[in-house]
Amino acid sequence: MSEKIEWKDALNLPRTGFPMKANLAKREPEFLKWWEEIDLYHKMLRYRENSALYVLHDGPPYANGHIHMGTALNKVLKDIIVKSRHKNGFKSPYVPGWDCHGLPIELNVEKELKVKRGELSKLTIRKHCREYAERWINIQREEFKRLGVIGDWENPYLTMSYDYEATIAREFINFLAQGSVYRRKKTVFWCPHCVTALAEAEVEYEPHRSPSIYVKFPLAEDAYEVLPEELKNEKVFIVIWTTTPWTLPANLAIALNPEFKYVAVKLNDEVLILAEGRLSALAAELDLEKVPSIVACIKPEDLERKHARHPFLTRESLIVLADYVTLEAGTGCVHTAPGHGEEDYETGLRYGLDIYAPVSPEGFFDEDIPEIGGKHIFKANDEIIEILKREGKLLHVSEIEHSYPHCWRCKKPVIFRATEQWFISMEANNLRKKALEWIEKIRWIPHWGKNRIKSMIEKRPDWCLSRQRSWGVPLTVFICNQCGEFLKDKKYYEKVLALFEEKGADVWFEKDVSELLPEGTICPQCGSRDFRKEEDILDVWFDSGVSFAAVLERREELKFPADLYLEGSDQHRGWFHSSLLCAVGTRGRAPYEAVLTHGFVVDGQGRKMSKSLGNVIPPEKIIKRYGAEILRLWVAAEDYRDDIRLSDEILKRLTEAYRKIRNTCRFMLGNLYDFVPEKDLVPLEELPDFERYILFRLSKLISRCLKAYEDYEFHIVTHGIHQFCAVDLSAVFIDISRDTLYCESPQSFSRRAAQTVLYHALTAITRLMAPILSFTAEEIWRYIPGENKEESVHLASFPEPFITELGDDFIDKWEKLMGIRAEITKALEIARKERKIIGNSLEAEVILTAASEELLAFLKANQDILAYLAIVSKLSVAEKIEPQEDEVFYQGEEIPELKVLVKRAPGEKCERCWKWSEEVGQNEEGLKVCPRCYKVLKESWQEFLKSISS
RNA sequence: GGGCCUAUAGCUCAGUUUAGGUCAGAGCGCACGCCUGAUAAGCGUGAGGUCGGUGGUUCGAAUCCACCUAGGCCCA
């Protein structure tokens, strides 16, 4: 007998080419290339040609800059949904899109070209903008594809494509024709730096230092008439407070709250009027030793429509009433400039005041204003304060820091300024009401999304559509030069739309009105033939808002309405909102059946990612270091409905989880090297109980995952798969079955049964993980044995839970067995760690007993399986246990009536299977193997036996 | 300042809604040990949380109410 027998040659050890190390960053591109080669996206659609449609409509990212974690998160979530719905049996097309027009691109182009606004023609700027957008689309497309996102990347939708531009114009004209569009002067956010009106969405509130001044307005003659007798000979002033001194030249009114009590107080030799509720605050602000005494009370309604004199201009200021005046700050007397404030504007309308805004688009005062004419408004603040001082009208000046609107693009402070703008009315055609009705019918996930968008729609003002810029789709409106009326009927615009479809929206700027209007057009109002075209362009939110018309309705593979829109929760005010208004306004219904939102990417401490905090992690970095797969796993592991944390620790943990899943699958592949499912698969009903129990657990996992996919709860899937790999497979089934897999005859029933479980588990898990771990699933798929599998895992369907009912008795029994196993394991650990009796569990013999008859009977009935489950060499059940010196006695913790005795297993170690047995060596050749192994060797390794005996 | 949302072990999540009383859990990580026939792998055991804080309702609250703190999105 030879001394060194290579028993490894007589075992079924795992064999696989599937690498332990994923090398994701390097291998992923190979899979991407292959998917492209086989045109996976279209193949997936063809596999589901006759299936029900599931349409997830892509919200277009802005074609500017590299993708970031937020956009990556969004696209991966969409990809998981598209892939999982496909696996669920739906035909689920995915057409990605880009938002291409708008101010940010225009500004960047100006920066690149080093030109200022207006220096180049609109057409030239537009040409450059188009190229710029194209450039970023191509970059972002590659970045998105790198994430493993599948879709119609070669044929995406672009809001700047000619047909899309035509659709935008057409939908605008729909609104125009139904009388929803109007034009009027209105205060809007205005950025003097970018020289444009801004939408609410384009304004950001930032802390800002402003002067805080108290200004005295002397009462005019008519106001004295209503003053109490004792004030008639005094110098009386109304005191206002403002943080924008530059708006004082536009002051036309002072607003009082009709509900407040106003008082006149004496300060030095002057009388000041203010709200009683602000008196002590003012005294504190002025640093007075004591609150000035009240000399009279004033009823605000007495002063209504009386006047005060402007503090430095020869003009009067109307005293008005308004209920928005508060006692939170100031004096309760509010400086009102209808051309420079939203509420001021409304008050101005009510009192018939001029909407006066003597400020140029660039932010310079009109020349005709004394002293400060021609100066920039923000620079005029100090001069106005000086003038007030000189005129003796300044009561107090200080500085405050407060939240002030800033331009989202240039980050500079914005102003309110009255200008001519185009609007879609929220009330015309009941747009607001209908939108609110549709909100009720849509499924919002999470449910609170409904309240959120509802309150926004309820409160939002009319939609300001116009932008004084170049890069966008023009507001296609013809205006009569004679009477000022604009043409509303669709018939006037058919020619324009046809031209847009063919040549894009540039033609609006290229061609003369006469070339755009149908021949012989006459103003229906005044009969004139003299028209001009509107020069403003449309708000980009309108562009993306009509994507349902440009994409869902126009693409053959899609449908209107979509099943789902999925974006960040900020889009309740953005795309969900604009899409809803556009669709309700023109189609009479919402463009989606359901809306799913995700939170924002924040750092490990829950703080938002920002350049200034320096906590930004770009997707590219994660892909390079860990692979896109880890990024995808991150997306899937987190509950994205809240904010989603990202940190190095989180990525490290995910990498570990990934490795566990990968290695578990690798082990299964390695043990299926000789398994031919078509031939070797053991029918479910013939499987031993343990195998059936594991498949039952697998079935539960499958059910749970299918439901979680259905509900878009991917973190349930991820945690479920990971836990199943780590516990049910790796720690339980694989650990226990290793002996069977390695040591039994290759074709034996018991080994094939164990392999059957591995095969089912592997194929199920691979398909379950495919929407998330798309690369790894594909890699595994290639190694899975069998002929009848799809070319790509992404063409396969989800597994079905194949064991749904085993009976409660069966489950109870197995849960009890696993509980007993856990107790044995604890006893073994004591023997190992504290008593050093054993190392490997196979070195142990276990004797069990129980305090209750019932448990004792159960133990006796399951003695053999318990030995198997516990992975010990010998296990028996006794009525009574008397521990010896070198033995461990353990009483159950979870099962107190269970008692476990551990001692060293008797006999010798079988050199082949490493189990200890008193029968080792009892064979003809005197091999140091146990009878089981000897039998197996005779059965399946005769060649090997010959070779070692020679 | 207002609306909406979030807060459970170092990390990611269960448990909270359409019943408040085995609900204080899982996996990972960590510590310690074992194995060396999944090996830059595998197995086991263990230590970790007054469920963001403070009050209140209740016989009893992570779970209901109020307020506060921190953070996020949106708005002013």
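Values below: every heavy atom of this structure, side chains too, minus hydrogens, waters and symmetry copies. Here is how names work: the chains are called A, B, and so on, in the same order as the sequence lines, proteins then strands, and each is numbered from 1.
- In this structure, A:His719 reaches the bases: a heavy-atom distance under 4.0 Å links it to at least one base atom across the strands shown.
- The aromatic rings of A:Phe690 and A:Tyr868 stand perpendicular to each other, their planes meeting at an angle above 60°, with 30° marking the opposite boundary.
- For A:Ala731, counting side-chain heavy atoms from C-beta on, the closest listed nucleotide (B:rG37, B:rU39, B:rC43) is B:rC43.
- Side-chain to base pairing of A:Ser730 with B:rA38: one donor and one acceptor N or O lie within less than 3.5 Å of each other.
- Between the CG atom of A:Leu701 and the C1' atom of B:rA26 there is a distance of 14 Å, given to the nearest Å.
- The side chain of A:Tyr742 places an N or O atom within less than 4.0 Å of a non-bridging phosphate oxygen (OP1 or OP2) of B:rA38.
- When heavy atoms are screened at a 4.0 angstrom cut-off, A:Gly670 is found touching no nucleic acid atom at all.
- Projected onto RNA chain B by closest heavy-atom contact, A:Cys743 and A:Gly599 fall at different nucleotides, the more 5' of which corresponds to A:Cys743.
- B:rA24 and B:rC51 have their C1' atoms separated by 7 Å, with the value rounded to a whole Å.
- A cation-pi arrangement, defined by a distance under 6.0 Å to the six-membered ring centre and an angle within 45 degrees of its axis, is present between A:Lys909 and A:Trp914.
- Rounded to whole angstrom, the span from the CZ atom of A:Arg659 across to the P atom of B:rC28 amounts to 14 Å.
- The local environment of CZ in A:Arg15 is sparse, with at most 12 non-hydrogen atoms from other residues, nucleotides or ligands closer than 6.0 Å.
- Distance A:Lys836 NZ to B:rC35 P: 10 Å, rounded to the nearest Å.
- In this structure, CZ of A:Arg662 is placed 13 Å from P of B:rU39, rounded to the nearest angstrom.
- Residue-level contact check: A:Ile716 touches neither bases nor backbone, having no heavy atom under 4.0 Å from any strand.
- With both pairing distances under 3.5 Å, B:rU39 is matched to nothing as a Watson-Crick or G-U wobble pair.
- Place A:Arg821 and A:Ser569 on RNA chain B by their nearest nucleotides, and A:Arg821 ends up nearer the 5' end.
- In this structure, A:Lys707 places its NZ atom where only 12 or fewer heavy-atom neighbours from other residues, nucleotides or ligands lie under 6.0 Å away.
- Checked by distance alone, A:Arg452 brings a side-chain donor or acceptor within 3.5 Å of a matching partner on the base of B:rC73.
- Side-chain rings of A:Tyr934 and A:Trp941 stay apart, their centers remaining 6.0 Å or farther from each other.
- When the P atom of B:rG72 is taken as reference, atom CG of A:Asp642 falls 14 Å away, rounded to whole Å.
- B:rG27 atom C1' lies 11 Å from atom CD1 of A:Ile661, rounded to whole Å.
- Checked against a 6.0 Å centroid threshold, the rings of A:Tyr345 and A:Phe416 do not count as neighbours.
- Residue side chain A:Arg666 does not reach the base of B:rA41 through any donor-acceptor N/O pair under 3.5 Å, judged by distance alone.
- If you check B:rA38, B:rG72, B:rU45 against the side chain of A:Glu829, the one that comes closest is B:rU45.
- With both ends at atom P, the span from B:rA7 to B:rA14 equals 9 Å, rounded to whole Å.
- Residue contacts shown for A:Leu11 include a base, since a base heavy atom lies under 4.0 Å away.
- Rounded to whole Å, the distance from CD1 on A:Ile644 to P on B:rC13 is 9 Å.
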